[in-house]
Amino acid sequence: VRRSAAEVFDEAVRNAEPASTALDSPEPLIIRDEPEPFPLDALGIVPGNAARAIMAKTQCDAAIAGQSVLAGANLAAQDCVDVLMPRGGATPEEGVVRPISEFFLAIGTTGTRKSSADGLALAPHRAYEKRERVAYDEAMTTYRAEAAAYNAKKRAIETEGKSKKSQAELAEALKALKEPERPRDPQLIFENVTAPGLFKALGQNRPRAGVFSDDGGTFFHGHSMKAESRYDTGAQFCQAWDGKDIQRIRATEEKMVLRNVRLSCFMAIQPTVVADFLHDGQAADQGFTGRWLIAEVAPREEPRTWHVAGPEADASLAEYDRAIQAALQAPRKTDEAGDPDRPVVRLGGEAFECHKSFYNELQKGLVPYGELVDVIGLVEKGHEHACRLAATLLFIEDPNAREITPNMYVNAARLVRYYIREALRQLFAQVPDAVTAHADKVRVWLEKRYLEDGHVEVTLAELTKGGPRPRTKAAISKAMGLL
């Protein structure tokens with residue numbers, strides 16, 4: 001005989017052990033491993049103060065503010081310098097030149113002020129884009145006119161050459177024509193993109209870009225990350241992170257090769273949306289997940305209250321804006337082939353000793369059954385992440401500096417340790433189903449009722465009237481069945 005939800009609930013209450021006047025410590029249904037605080041003081045003076053200013057203005061968590069500012073700094077600096085990363089030699093000069101570009105993830109639910117923080121951190125970049133767009137539009141008007149004149153002249157020469165000129169004369173006449181050069185698109189920030197669309201656009205763009213979105217689900221659940229495209233997307237992003245040439249050769253398209261491009265990323269995303277990617281074994285084996293630096297918002301202990309940021313917040317953001325604008329507007333050099341010729345930042349002697357020590361520290365966790373084996377992709381790149389972050393922070397503080405100080409490297413290593421711990425936490429975080437999550441809310445509600453009002457009994461009617469939602473009899477019965 002099928003019984004109603006109310007009958008199931010009543011039977012559970014009747015069969016329960018007699019209530020005690022002393023409440024035992026409740027056993028939680030969900031084991032929560034909360035994120036640790038983001039190490040804001042490791043960001044240095046200008047980025048660190050900017051992150052605190054964003055927190056003051058938006059009341060966001062340190063993880064959101066810190067990731068937004070660090071990503072904004074990396075986006076601006078990546079086209080200005082590269083870093084010489086030591087590779088097993090006796091001196092810091094024995095190594096390879098690498099990009100400083102990084103990929104950042106900020107994880108938070110709705111209401112964690114991801115968009116507000118991102119808007120402040122990218123304000124100087126948007127202003128730069130707007131100014132450059134005006135100049136670009138004017139240059140494109142000139143280019144179109146010159147291209148039309150070039151094409152008309154070319155057709156005239158070809159027409160005349162068919163009857164009056166030899167093949168050699170026609171070739172010389174065409175060679176004498178100078179085809180106008182198309183201006184490079186100054187777009188810096190790309191949001192809702194697919195990997196093929198992004199790299200195709202970069203073929204006509206300046207050789208640097210950032211994929212930045214306050215809704216990272218459009219990327220991680222978009223076309224580029226579907227099963228049939230995910231591996232190819234990961235491969236192209238890994239190549240960009242490594243600073244390698246990116247080739248796209250298709251039978252239906254003209255061959256495209258991107259050289260010396262710098263690409264940084266920042267995605268703000270909800271926990272449930274990014275979970276599949278973080279647990280994707282193929283992406284981990286490919287090294288794609290190991291290139292992302294992850295931070296998650298810690299739960300709020302206290303409710304927000306109306307708050308007005310002090311004048312020091314505006315001053316800190318103004319200083320950050322000046323640093324970003326200086327980086328974006330810095331003159332660029334090119335080599336004989338026309339490719340970017342970026343200055344190289346190096347580790348100083350003491351910073352090199354810190355680098356060796358940090359490398360050894362990370363490798364100890366990668367022995368069989370070591371505590372870091374589960375995130376080996378990130379850990380194996382940990383010392384390189386530290387070099388890239390140190391170079392980013394150094395350039396924002398002093399764009400003329402070319403030597404990483406020990407203090408700058410130590411701060412970068414602190415950030416990497418934080419990212420490694422967070423990656424481990426994300427990998428083993430318990431993701432409850434809807435019934436378990438609701439049951440845990442009911443448990444907390446019952447405990448609160450006891451502590452505040454001394455209630456030791458509760459009726460179905462009380463739960464359906466004032467308990468945690470959903471308040472249907474069926475949902476409550478399932479929750480009580482778990483409890």
Side-chain angles (χ1 to χ4, degrees), residues 1-38 59-64 106-114 217 269-276 278-279 294-305 374 421-483:
V1 179
R2 184 168 182 172
R3 296 181 298 168
S4 68
E7 291 172 330
V8 172
F9 178 84
D10 291 340
E11 182 178 345
V13 172
R14 286 195 302 271
N15 294 337
E17 295 182 3
S20 169
T21 56
L23 185 67
D24 294 331
S25 298
E27 182 179 339
L29 295 175
I30 303 171
I31 307 301
R32 302 187 188 277
D33 185 9
E34 306 294 3
E36 63 181 81
F38 186 91
Q59 298 191 61
C60 70
D61 184 75
I64 294 291
I107 302 175
T109 58
T110 299
T112 48
R113 311 293 168 87
K114 300 186 294 291
I269 194 167
Q270 292 82 7
T272 54
V273 177
V274 78
D276 288 345
L278 297 180
H279 293 84
I294 306 168
E296 184 173 2
V297 175
R300 292 187 66 85
E301 298 293 335
E302 301 292 337
R304 291 189 181 101
T305 57
D374 295 296
R421 291 192 296 270
E422 184 59 21
L424 279 169
R425 193 188 66 81
Q426 290 287 340
L427 189 62
F428 296 105
Q430 181 183 356
V431 181
D433 56 55
V435 174
T436 304
H438 181 230
D440 202 51
K441 290 179 182 178
V442 172
R443 176 190 65 80
V444 173
W445 183 83
L446 291 171
E447 182 181 356
K448 184 178 179 182
R449 292 258 299 172
Y450 173 83
L451 292 176
E452 290 185 356
D453 305 324
H455 285 71
V456 293
E457 293 184 0
V458 64
T459 66
L460 178 60
E462 288 177 295
L463 274 168
T464 55
K465 184 177 180 180
R469 299 181 188 278
R471 295 172 177 171
T472 64
K473 292 181 180 179
I476 293 173
S477 294
K478 289 179 181 179
M480 294 302 294
L482 280 178
L483 293 172

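Heavy atoms only, all atoms of each residue included: Ile476 and Arg471 are closest at CD1-O, 3.6 Å. In terms of heavy-atom proximity, Val297 sits nearest to Asp61 at CG1-CB, 3.5 Å. Contact between His438 and Ala479 at its shortest, heavy atoms only, is ND1-CB, 3.8 Å. Considering all non-hydrogen atoms of both residues, Gln426 and Leu278 come closest at OE1-CD1, 3.7 Å. Taking all atoms of both residues into account, the shortest heavy-atom contact from Gln59 to Thr305 is NE2-O, 2.9 Å. Closest approach of Ala295 to Phe38, counting heavy atoms only: CB-CD1, 4.2 Å.
Going from atom OG1 of Thr436 over to atom NZ of Lys441 covers 12.0 Å, rounded to the nearest 0.5 Å. Between the CD atom of Gln270 and the OG1 atom of Thr112 there is a distance of 8.0 Å, given to the nearest 0.5 Å.
A donor-acceptor contact shorter than 3.5 Å is absent between the side chain of Trp445 and the backbone of Leu463.
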Evaluate Val442 against Met480 for side chain to side chain contact (heavy atoms under 4.5 Å, CB included), listing each step before the verdict.
CA-CA 8 Å; Val442 172; Met480 294 302 294; 4.2 Å; yes
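The shortest distance between side-chain heavy atoms of Glu422 and Ile107 does not fall below 4.5 Å.
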